> 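Provided herewith is a single structure, encoded as structure tokens, for subsequent inquiry.
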Amino acid sequence: MTTKKLMTYARVVLVVILLIYLLLVWMYFKDNVSQLTSFNLLVWFVVVPLLIFSTILLIRWRQKKREQQPEPESVKTAVDKSVSSSDSYPLFIYSSLCLPEGDSWAEIIENDNDLTLLSETLTDFDGLPMLIKPIDRVITQPAFVYDDDLPARTDDNDDLLNSGNANLIDVDIDTLTLRLAALISEQLNLSEAALSVLTQHYDLIAHQEHNETNAALHAHPEWQTHYITSTHDDESVSADTPTTLISELNIYLCVPSIADTDYLVKFVKQQLMTYGLPETLLAITLLEANSEDHNPLQFFEEQLVVLSADEAKVCLLLAADSQISEVWLDEYLNTTETLNHIPTEASTLFIFYNQAARTVLDIEGTTNVSALKITDDAEQINRANDETISARSSQYYTRHLRKIKRLLSNNAFVLSALREDKAHSKNDPQIKTKATPPDHESTTTHSLSTKSLKILSDINPSKQPYDLAVFMTFVDSFVEKGALVNEHHLGHYMPLNLWLQSLISLSILTQLAVEDQHESDIKFLITQHKHCCMLWLVEDFDTSE
């Protein structure tokens with residue numbers, strides 16, 4: 001047991017003893033008033049209680065003094081080593097978000113209206129209408145799927161699609177699946193500009209492949225007349241085709257398993273085809289939001305490793321959930337103790353891509369983010385499991401916040417500098433002998449006095465008061481250095497969907513970065529996962545180019 005715990009327990013015990021003592025003395029002299037002389041009053045009601053109270057204050061003073069002492073060098077070295085050995089991944093993120101509060105940072109943060117309303121169809125245990133918080137602007141259309149013969153959307157067939165004569169097939173779909181399809185459709189509409197950039201790039205690939213096919217006409221003279229026109233038309237396109245091409249697009253769909261996932265996969269595929277993405281790219285991987293086989297951290301780790309390659313890579317992620325459904329209520333709400341939960345809904349769209357893809361993709365509204373996993377070593381994790389410490393306990397969360405604080409201070413809030421140091425040390429072994437982290441304390445303190453920090457987390461203040469208190473000590477450490485700090489805690493959005501907790505927080509961070517581009521601002525997000533935290537730090541584009 002640590003000294004800090006022993007001191008805390010000692011203080012608690014002494015306080016209890018003091019209270020019991022005063023109660024017993026008062027009861028004794030209440031029945032023996034004749035013995036209450038001036039001397040006894042002074043000794044039993046003043047001297048002894050003061051001695052006990054002084055001991056409590058002394059222990060508290062010693063505890064504060066120990067907390068203010070700098071950590072031993074061995075502890076600092078261990079923390080710095082664990083942080084510096086972690087891998088920081090650069091990536092570019094485009095995201096769009098759909099919440100009842102709005103679609104952008106300003107709308108969400110500044111919206112203080114009461115968005116709840118009484119449902120006309122959902123009732124609680126007593127048969128009374130339930131309070132819900134829907135996205136009113138999303139209109140649910142009749143359930144349908146497109147015919148397999150439906151062509152990709154072009155200027156020529158837009159009128160056909162809008163006219164309703166596109167061979168739509170009516171199907172019987174439950175209300176939850178229908179609502180999820182509407183949310184996904186709305187998300188694609190919000191991201192139409194970004195999807196058009198992807199479409200243009202894959203059109204270039206298609207033209208290039210067509211040109212390579214036309215090269216075969218030189219093999220036989222009779223083919224030349226047939227292909228001469230198409231070859232001439234493609235010359236200008238080939239001249240503009242970039243040398244780096246992204247031949248693969250990984251598409252992921254994250255929805256609750258209680259919905260009709262087969263219908264949603266087909267719906268998303270057909271929707272993406274109408275936006276111009278070629279059918280050959282549309283291999284969709286399903287992520288079940290409530291399955292233990294998939295979790296946000298595992299997805300982030302897998303994608304970060306893929307995107308860290310030198311080859312151009314792109315990932316498209318769609319996530320949606322709606323709790324405003326009888327199906328969802330029967331599956332979740334009626335089997336849990338969240339009696340005061342207000343059903344709501346949300347959806348997100350992400351396009352992740354790496355530096356190599358950045359050279360050929362110019363998506364407006366993209367944010368340059370560095371992702372870093374902060375975790376414990378195997379010994380600490382095993383100890384946590386043995387002591388049955390909660391995944392979100394203060395012990396592990398406090399350790400991670402200390403690591404993040406030290407990392408940000410030592411690297412002046414630029415994780416790319418850490419990556420460059422690691423790259424240089426791999427290329428030049430001699431640099432490893434100078435691996436001692438530089439002391440940026442003075443320069444960081446000076447720079448923070450001119451900076452504004454915007455710190456986001458996925459903490460739910462109403463359900464995680466202790467985590468919030470720990471986080472505020474982290475914030476106070478930067479305030480003491482002169483920084484202007486604004487913190488926002490976003491865990492109250494979709495509290496029963498772990499995927500959207502992390503995704504909404506990350507999307508709001510990118511929205512903030514796009515809307516607020518002051519050079520003096522530093523923006524980062526901390527998301528909690530089992531036995532680790534993820535740090536998402538917005539960096540300047542020039543930093544990683």
Side-chain angles (χ1 to χ4, degrees), residues 96 98 121 134-135 138-153 161 164 166-191 195 198 248-296 298-299 302-303 314-333 335 343 345-351 494 496-500 503:
S96 59
C98 193
T121 57
I135 304 177
V138 175
I139 306 301
T140 304
Q141 300 292 341
F144 63 84
V145 293
Y146 289 110
D147 193 350
D148 291 336
D149 296 331
L150 182 65
R153 190 174 77 177
L161 290 173
N167 296 325
L168 301 183
I169 305 173
D170 292 330
V171 292
D172 184 17
I173 300 297
D174 61 85
T175 56
L176 174 61
T177 303
L178 190 60
R179 190 59 181 170
L180 292 175
L183 290 170
I184 292 171
S185 179
E186 175 70 12
Q187 200 60 257
L188 294 174
N189 290 334
L190 293 173
S191 307
L195 295 175
L198 291 177
E248 183 180 19
L249 174 64
N250 297 316
I251 303 175
Y252 297 89
L253 175 64
C254 179
V255 292
S257 59
I258 57 176
D260 188 341
T261 54
D262 292 337
Y263 170 82
L264 290 175
V265 168
K266 187 171 184 179
F267 176 82
V268 170
K269 183 176 181 180
Q270 294 291 350
Q271 286 286 301
L272 291 175
M273 289 176 62
T274 64
Y275 280 90
L277 288 174
E279 185 176 5
T280 54
L281 290 175
L282 303 181
I284 300 176
T285 301
L286 185 65
L287 303 173
E288 296 181 358
N290 55 330
S291 173
E292 295 183 357
D293 297 334
H294 299 97
N295 60 76
Q298 178 185 354
F299 174 82
E302 293 174 353
Q303 292 306 313
V314 180
C315 164
L316 173 63
L317 170 65
L318 269 167
D321 194 3
S322 177
Q323 302 167 350
I324 307 173
S325 165
E326 200 72 48
V327 176
W328 187 91
L329 290 174
D330 293 340
E331 183 72 17
Y332 290 97
L333 194 57
T335 58
E345 55 189 1
S347 64
T348 61
L349 180 145
F350 281 89
I351 300 176
M494 300 295 290
L496 301 183
N497 187 317
L498 295 179
W499 277 87
L500 284 173
L503 294 175

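Computed from a prediction, not measured in an experiment: that's the story for all the values here.
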> Run the side chain to side chain contact (heavy atoms under 4.5 Å, CB included) check on I184 and S347 step by step: do they pass?
CA-CA 7 Å; I184 292 171; S347 64; 6.0 Å; no

> Measure the spacing between CG of L264 and CD1 of I173 and express it to the nearest 0.5 Å.
8.0 Å

> Within this structure, what is the CD-CG distance for the pair Q187 and L190, rounded to the nearest 0.5 Å?
5.5 Å

> Which residues pass the side chain to side chain contact (heavy atoms under 4.5 Å, CB included) test with T175, not counting sequence neighbours?
S325

> Do E345 side-chain atoms and I135 backbone N/O form a donor-acceptor pair below 3.5 Å?
yes

> Where do F350 and L503 come nearest, in terms of heavy atoms and distance?
CZ-O, 3.2 Å

> Do side-chain atoms of T177 reach the backbone of D260 as a donor and acceptor pair under 3.5 angstrom?
yes

> Could you grab the distance from atom CG of N497 to atom SG of C254, nearest 0.5 Å is fine?
6.5 Å

> Is it true that a side-chain atom of T261 and a backbone atom of S257 form a donor plus acceptor pair closer than 3.5 Å?
no

> Testing the basics here: between L180 and P256, what is the closest heavy-atom pair and its distance to 0.1 Å?
CD1-CD, 3.9 Å

> Go through it in stages, so that I can follow the logic: the residues are V268 and L282, the test is side chain to side chain contact (heavy atoms under 4.5 Å, CB included), and I'd like the CA-CA distance, side-chain angles, deciding distance and then a yes or no.
CA-CA 9 Å; V268 170; L282 303 181; over 6 Å; no

> If you look at every heavy atom in S185 and Y275, which pair is closest and at what distance?
O-OH, 4.5 Å

> At what distance, to the nearest 0.5 angstrom, does OG1 of T140 lie from CD1 of I324?
9.5 Å

> Which value, rounded to the nearest 0.5 Å, describes the distance between C98 atom SG and L188 atom CG?
11.0 Å

> Do L498 and N295 come close enough that some side-chain heavy atom pair is under 4.5 Å?
no

> Can you tell me how far apart CG (L287) and CH2 (W499) are? Round to the nearest 0.5 Å.
4.5 Å

> Testing the basics here: between E326 and T121, what is the closest heavy-atom pair and its distance to 0.1 Å?
OE1-O, 4.2 Å

> So, for Y252 and Q303, which heavy atoms are closest and what is the spacing to 0.1 Å?
OH-NE2, 2.9 Å

> So among D321, L176, L318, L286, which one has a side chain to side chain contact (heavy atoms under 4.5 Å, CB included) with V255?
L286

> Of all the heavy-atom pairs spanning I251 and L281, show the shortest one and how long it is.
CD1-O, 3.8 Å

> Verify side chain to side chain contact (heavy atoms under 4.5 Å, CB included) between W328 and L496, making sure each step is shown before the conclusion.
CA-CA 11 Å; W328 187 91; L496 301 183; 3.8 Å; yes

> If the condition is side chain to side chain donor-acceptor pair (under 3.5 Å), which residues does E186 pass it with, not counting sequence neighbours?
none

> Under a 4.5 Å cut-off applied to non-hydrogen side-chain atoms, are L317 and T348 in contact?
no

